[in-house]
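Everything numeric here is computed off the predicted structure, so don't read it as measured data. The chains referred to below are lettered A, B, ... by the order of the sequence lines, with proteins before strands, and numbering in each begins at 1.
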Amino acid sequence: MMEHSGGDDSDENWNTDDELEIDNFQSSPVHSMSETSVGPADATSPNLIQKGISDETFASFIEMGFSSEMIARAIEETGGENSEPMLILETLFKYSTSTEPSSSKSKIINDLTGMGFPEENVIKVLQEYGDENIDEITNVLLTYEEVEKMSKSKDESININDDDNIYSLSSDEEEDKLNYSHETGILQDLIKMQYSREEAAKAIERCGEDASVEEVVDFICAAQMARQFDEFFAEHDKKELITNSKKRRVYNEPPRRERKPNTAMANDELIRLPKPMTGFGVPNEPGLMTQRTVPIPDVGRGPPYFYYENVAMAPKGVWAKISSHLYDIMPEFVDSIYFCAAARKRGYVHNLPIHNRFQIQPPPHCTIQEAFPLTKRWWPSWDRRRKLNCLVTCIASAQLTNRLREKLENHDGEPPLSVQKEILESCRKWNLVWVGKNKLAPLEADEMEKLLGFPRDHTRGGGISRTDRYKSLGNSFQVDTVAYHLSALKPLFPKGINVLSLFTGIGGGEVALHRLQIRMNVVVSVEISEVNRNILSSFWEQTNQTGILREFSDVTKLDNHTIERLMDEYGGFDLVIGGSPCNNLAGGNRISRVGLEGDHSSLFFEYCRILETVRGKSARMRR
DNA sequence: CACAAGATGAATTCAGCG
DNA sequence: CGCTGAATTCATCTTGTG
């Protein structure tokens, strides 16, 4: 996201220490690190039970969701100190798929549903946390209830969908709803539990129509485990390859065969984009993961958490470099086409937990026609687009759409194929929609706000020009996508979080946290563009935030000392979020697409510097 | 001076095909 | 395996206009 344009920097009259607009919000309770730095649930001390296996292997078992007790048991059972990691893993998988724990599971399910928790939640939590720590399970269930309650209550302060008909169903939707009602209760339950329809239907088919929810979930769970098992082995093989060939790192690439011509060198150090681009999983699609296949190295684990974003289609080698500067964490590539009606292919490097993700409500419409119902009337059948391409910083001119209209008016009814092709090419290139007979138009700024998940008129006013508005929006996060990723933080920070927001832009991260109803105790924001800073501060006021907002302008002038001072003042940061400038990486740039070292994009290294400062200081504060 | 329009391709990926 | 064609892409710069 996040505008850090160098060409039009107008930073002459800033204070020497670059701080702007000191918080006019009175200080709110500032928590201490010790209160809020809740570690992940799996942060058990390894030294007691991990005899016989390396730290790394132990960590990856933990990352896969096995409890330390289970691991200890598996080590015992497979020969104590001399047991083979692979053998241990097999035993662990046996535990999680065997019927024995599952039957003890059903007893717990009965107990907990007896306590009034919804069965689907109980099953999901058991699946993710195991069945050993009842206290933890009930805690998580309570959190779930709260989250669900909150996501059901509409947020009055943000009016995302202000179309009158937003809550009334279109005819297509009604049809969909009808289909839903024909589905069995189990299928509905599974879909509610965020399994994809395909996956759920397949599992039901395999388990038989009479199977209980537990049985089907067990089946899906076993299938997931098997998939992870395969991936673990593939990863293990790869690791051996790496040690053998001296640190050759290739992600997402099929196993390389031994004897191969030396053209392979060109592919070295590459991170390939996944297809489909769904990262660790998106709602309503297959491929949902609850654990990372490539664990986060110890050095990169949170808290503090961080979330870094940039364009997925960067020049070769860029993502490998980004990853290598961010603790070798593998990027999560996600296309926002799975969250809204517009494409947005982005890579996210983060150390957030990935289980328990949920969507913010209401979810946006996923097709152009649903998002903009008025276009339906004019949409010709030969324009088969249902999704828009990436929203960028420039829009088509009025002259262009006029020329297109004239071309269309030359024909009665359907234009010849050659004309159709030409029109469609322009439509795709400029993201045009049908707004009248033979009439095409680019999206209005408020329509872009809607697609990107911002409240209406978020970027309006404050003296921002039309072009600047498009520019800021084109550089922004897709809020629903980012919120889905950040949702994992909600149970971890019930008292709110302290955020360091770099390259804040129009505040996509802040809007996401707000829509997740995660309280922002402190936001320290760094953003070079004055109009964008104004947009954030007016959002802060309009949504009646009770936390503190401090805005800085130039990331290069935010020195380490200042960061540490801020951390002392506020008790540290829980989340460092931001996407560094993409100008020199983006495909649309014909002048200076020169890679990470470009004038703008090299600010990525400032992100790294600041993140490292925050993490170092956090470690010292914990001691 | 602010703003809008127009001109300016290449890098990358992928499906299809021989 | 290599080739080809199609599709996509958080943009920059100059010029014209009021």
In whole Å, I'd like the distance from the [atom1] atom of [X] to the [atom2] atom of [N].
| X | N | atom1 | atom2 | result |
| --- | --- | --- | --- | --- |
| A:Asp335 | B:dC14 | CG | P | 13 Å |
| A:Ile337 | C:dC10 | CD1 | P | 13 Å |
| A:Lys471 | C:dC13 | NZ | C1' | 12 Å |
| A:Asn389 | B:dT13 | CG | C1' | 14 Å |
| A:Trp430 | B:dG6 | CH2 | P | 9 Å |
| A:Ile271 | B:dT13 | CD1 | P | 12 Å |
| A:Asn402 | B:dA5 | CG | P | 11 Å |
| A:Leu400 | B:dT8 | CG | P | 15 Å |

Taking the same atom, [atom1], in [N] and in [M], what whole-Å distance lies between them?
| N | M | atom1 | answer |
| --- | --- | --- | --- |
| C:dA7 | B:dG9 | C1' | 15 Å |
| C:dT9 | B:dT8 | P | 23 Å |
| B:dG6 | C:dC10 | P | 24 Å |

Fill in the blank from the handout: Assign each of A:Val311 and A:Lys421 the nucleotide of DNA chain C bearing its closest heavy atom; nearer the 5' end lies the nucleotide of A:Lys421
Fill in the blank from the handout: Per nearest nucleotide of DNA chain C, the residue lying toward the 5' end, A:Cys394 or A:Cys390, is A:Cys390
Taking only Lys NZ, Arg NE, NH1 and NH2, and the carboxylate oxygens of Asp or Glu, determine whether [X] and [Y] approach each other closer than 4.0 Å.
| X | Y | result |
| --- | --- | --- |
| A:Arg346 | A:Glu309 | yes |
| A:Lys387 | A:Glu370 | no |
| A:Arg456 | A:Glu449 | no |

Practice task
For residues A:Tyr607 and A:His325, establish whether the separation of their ring centroids is below 6.0 Å.
Solution key: no
Practice task
Run the ring-centre check on A:Tyr308 versus A:His350 and record whether the distance is less than 6.0 Å.
Solution key: no
The side chain of [X] is closest to which nucleotide in this list: [options]?
| X | options | answer |
| --- | --- | --- |
| A:Arg272 | B:dC14, B:dG6, B:dT12 | B:dC14 |
| A:Cys582 | C:dT9, B:dT12, C:dC10 | C:dC10 |
| A:His600 | C:dT12, B:dC3, C:dA11 | C:dT12 |

Within the structure, does a side-chain N or O atom of [X] lie under 4.0 Å from either OP1 or OP2 of [N]?
| X | N | answer |
| --- | --- | --- |
| A:Arg346 | C:dC10 | yes |
| A:Asn583 | C:dC10 | no |
| A:Lys275 | B:dA15 | yes |
| A:Thr467 | B:dA4 | yes |
| A:Ser592 | C:dT12 | no |
| A:Arg590 | B:dG6 | no |
| A:Asn589 | C:dT9 | no |
| A:Arg428 | C:dT8 | yes |

Exercise for the section: Check whether NZ of the Lys or CZ of the Arg A:Arg615 lies under 6.0 Å from the centre of the six-membered ring of A:Tyr327 and within 45 degrees of that ring's axis. Expected result: yes
Practice task
Would you sketch DNA chain B in dot-bracket for me? Only Watson-Crick or G-U wobble pairs with both distances under 3.5 Å count, crossing pairs as [ ], other-strand pairs as |, the rest as dots.
Solution key: ||||||||.|||||||||
Completion exercise
Judged by nearest nucleotide, the residue sitting upstream toward the 5' end of DNA chain B, A:Gly463 or A:Gln399, is A:Gly463
Handout entry: Residue mapping more 5' on DNA chain B - nearest nucleotide basis, A:Ile464 or A:Ala314
Key = A:Ile464
Practice task
With A:Ser324 as reference, evaluate A:Asp328, A:Ile322, A:Leu326 under the side chain to side chain contact (heavy atoms under 4.5 Å, CB included) test and give the passing residue.
Solution key: A:Asp328
Handout entry: A:Asp468 and A:Tyr470: side chain donor to acceptor below 3.5 Å
Key = no
Practice task
Mind checking the CD1-CD spacing from A:Ile535 to A:Glu510? Nearest 0.5 Å is all I need.
Solution key: 12.5 Å
